Amino acid sequence: MRSLIRGGDAYTPDGLIHDAAVLVEDGNIVFVGPRTQVPSLASVDVEIDAHGGVIAAGFIDLQINGAGGRFLTEEPTVDAVLGMARTVSRYGCTAFLPTVITSAFKTMLTAVRAVHDASQQVTDGAHVLGVHLEGPFINPEAAGAHDAAYIRPPSVDDLAALWEASGGSIKLLTLAPEMPGAIDLSRAAKRYGIAVAVGHTRADYPQMMEAVDAGAGLATHLFNAMGGLTARDPGATGAVLASSEFKASLIADGYHVHPAMMDLAVRTKGVDGLVLVTDAMPPMGTDLTEFTLYGQSITVRDGACFMADGTLAGSMLTMDRAVRNMRDLVDLSVQDALVMASANPAEVVGESEYRGALADGKAADIVVMDSDLNVTTTIVDGNIVYQDGAA
């Protein structure tokens with residue numbers, strides 16, 4: 001099957017191409033360049049007119065708990081994962097890590113198995129790349145919305161059980177490096193090929209540097225659920241901002257992180273050091289105003305989700321909105337915001353060879369947007385999985 005996307009501005013690793021053409025064949029990109037230079041075509045099965053709009057690599061979300069009314073940890077089924085995949089594709093997301101949060105260990109085993117099984121199916125939505133395991137090896141003092149009753153001491157044996165249940169599909173593990181056993185756990189995770197992130201932590205600077213030595217390379221939702229920085233105690237946040245060894249994920253909804261702090265993150269980490277994530281909950285993509293977590297009612301207001309005591313419990317953010325927010329709230333260029341939503345997350349989980357850039361040889365995971373970055377078409381493996389106005 002051959003497809004052609006023509007017109008519009010294409011954002012590529014080599015820069016912006018005006019009036020571009022992207023040629024797709026059998027699920028891969030085979031040409032990106034000026035429309036006037038597109039190779040001669042004997043036939044094209046699908047043609048998309050992007051004139052006046054934007055063509056970019058599809059977004060990759062490394063942290064999403066739920067979407068479209070589905071909630072993986074509360075509903076650990078293949079159907080829930082596939083429902084999330086369909087919902088996120090409406091917002092330009094072409095690949096994601098369904099995130100399993102701290103819960104009963106049996107539930108976590110069931111959830112990671114469901115993600116693996118879903119990843120083996122051809123979907124009409126975004127790729128299911130694997131699992132983000134956010135817990136249970138976190139610090140109870142920085143649990144946030146996680147139920148501290150289910151937090152477990154870092155255990156290589158527990159990770160092995162989760163790895164086996166997941167069919168080897170755990171891609172990212174968030175842990176608190178200061179907890180006893182966490183450094184050994186981090187090293188074990190790296191042996192499995194799992195990317196290690198620090199989060200829900202009260203680690204001090206030396207403990208964060210020890211985590212780097214043990215293989216940690218990402219900070220989960222920078223500024224949230226981690227110790228702040230002071231003049232004589234940089235803490236976890238200061239360590240992340242100061243160390244080039246850490247990339248950091250950012251919930252750019254303007255609520256979890258104030259725009260001034262978003263700007264500070266860009267100034268300290270640079271564009272290549274930041275990854276946009278949604279940390280989305282079931283209301284994303286719906287008009288839900290509440291849902292249930294650990295048997296408690298979670299309320300949606302001001303674009304975020306809150307427990308009864310006011311604790312933040314995730315977002316309603318979408319990846320396209322995160323990109324627009326970086327443009328509008330931080331005055332970041334579109335090119336840079338797109339890199340944070342595609343190339344950087346691909347690098348974190350070892351997917352750069354296959355996706356994350358609009359370039360020859362990459363998977364045809366593509367988002368087409370209008371001039372204001374609203375998604376009009378989402379393409380996964382060369383197939384249209386979402387088109388604005390289509391039934």
Side-chain angles (χ1 to χ4, degrees), residues 1-61 68 81-96 118-129 285 319-320 323 338 341-343 346 351-391:
M1 178 173 173
R2 305 182 90 190
S3 304
L4 178 67
I5 308 167
R6 56 177 175 79
D9 293 337
Y11 287 85
T12 79
D14 297 322
L16 179 62
I17 301 173
H18 297 290
D19 193 18
V22 179
L23 182 61
V24 173
E25 188 167 350
D26 297 329
N28 293 307
I29 298 171
V30 296
F31 172 83
V32 181
R35 186 171 58 86
T36 55
Q37 297 177 18
V38 67
S40 177
L41 302 176
S43 64
V44 172
D45 300 292
V46 177
E47 191 166 338
I48 298 170
D49 185 357
H51 181 74
V54 167
I55 311 167
F59 308 139
I60 301 172
D61 191 351
V81 176
L82 297 180
M84 292 166 62
R86 287 188 290 271
T87 299
V88 300
S89 69
R90 288 158 37 195
Y91 306 100
C93 183
T94 57
F96 72 115
S119 72
Q120 302 305 299
Q121 298 188 24
V122 177
T123 78
D124 53 353
H127 289 290
V128 179
L129 291 180
M319 286 297 286
D320 62 329
V323 169
L338 291 172
S342 54
E351 289 284 325
S352 294
E353 181 180 348
Y354 312 104
R355 67 192 89 250
L358 198 66
D360 293 4
K362 303 289 187 185
D365 294 352
I366 301 167
V367 58
V368 181
M369 296 170 279
D370 65 20
S371 59
D372 197 36
L373 304 182
N374 298 295
V375 176
T376 58
T377 305
T378 305
I379 299 167
V380 175
D381 273 344
N383 299 307
I384 296 174
V385 296
Y386 169 76
Q387 197 157 34
D388 185 32

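All of these numbers come straight from a predicted model, not from anything done at the bench.
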Distance col, row Thr377:OG1 vs Asp388:CG, nearest 0.5 angstrom, shows 8.0 Å
Gly7 and Ile55 have their tightest heavy-atom pair at O-CD1, 3.2 Å
Sequence neighbours excluded, the answer for side-chain hydrogen bond (donor to acceptor under 3.5 Å, both in side chains) partners of Asn383 is none
Discussion item. Could you go through Ile366 and Thr94, starting from their C-alpha distance and side-chain angles, then the distance that decides it, and tell me whether this counts as side-chain contact (heavy atoms from CB on, under 4.5 Å)?
Written reply: CA-CA 7 Å; Ile366 301 167; Thr94 57; over 6 Å; no
d(Tyr354 OH, Lys362 NZ) to nearest 0.5 Å is 10.0 Å
| query | Can you list the steps and then say if Val128 with Gln121 is a side-chain contact (heavy atoms from CB on, under 4.5 Å)? | reply | CA-CA 9 Å; Val128 179; Gln121 298 188 24; over 6 Å; no
Is any side-chain heavy atom of Arg86 closer than 4.5 Å to one of Thr123? no
Sequence neighbours excluded, the answer for side-chain hydrogen bond (donor to acceptor under 3.5 Å, both in side chains) partners of Asp26 is none
On a heavy-atom basis, the closest approach of Ala126 and Ala95 is CB-N, 3.8 Å
* Going by heavy atoms in the side chains, are Val122 and Asp381 under 4.5 Å from each other? -> no
On a heavy-atom basis, the closest approach of Phe59 and Leu338 is CE2-CD2, 3.6 Å
To the nearest 0.5 Å, atom CD of Gln37 lies from atom CG of Asp19 at 11.0 Å
* Less than 4.5 Å apart, any side-chain heavy atom of Val24 and any of Arg2? -> no
Note: Gly382 and Ser3 closest approach over all heavy atoms is O-OG, 4.0 Å
The reported gap from CG in Leu358 to CD1 in Ile17 (rounded to nearest 0.5 angstrom) is 7.5 Å
I'd like to know if the side chain of Arg355 reaches the main chain of Asp365, judged simply by a donor and an acceptor atom lying under 3.5 Å from each other, with no hydrogens or angles considered. no
dist Asp320:CG -> Leu373:CG (nearest 0.5 Å) comes out at 8.5 Å
d(His51 NE2, Asp370 CG) to nearest 0.5 Å is 13.0 Å
Could you tell me whether the side chain of Leu129 reaches within less than 4.5 Å of the side chain of Ile60, counting heavy atoms only? yes
- Message: Just checking Gln120: does its CD atom have more than 12 heavy atoms from other residues, nucleotides or ligands closer to it than 6.0 angstrom?
- Response: yes
For His18, the side-chain hydrogen bond (donor to acceptor under 3.5 Å, both in side chains) test, sequence neighbours excluded, returns Asp9
Here the pair of heavy atoms bringing Ala341 nearest to Val323 is CB-CG2, 3.7 Å
message = I'd like to know if the side chain of Thr376 reaches the main chain of Val368, judged simply by a donor and an acceptor atom lying under 3.5 Å from each other, with no hydrogens or angles considered.
response = yes
Minimal heavy-atom distance between Ala10 and Ala20, with the atoms involved, is CB-CB, 3.4 Å
Side chain to side chain contact (heavy atoms under 4.5 Å, CB included) with Met319: of Val375, Asp61, Val367, only one passes, and it is Asp61
Ser89 side chain to Tyr386 main-chain N or O, any donor-acceptor pair under 3.5 Å?
-> no
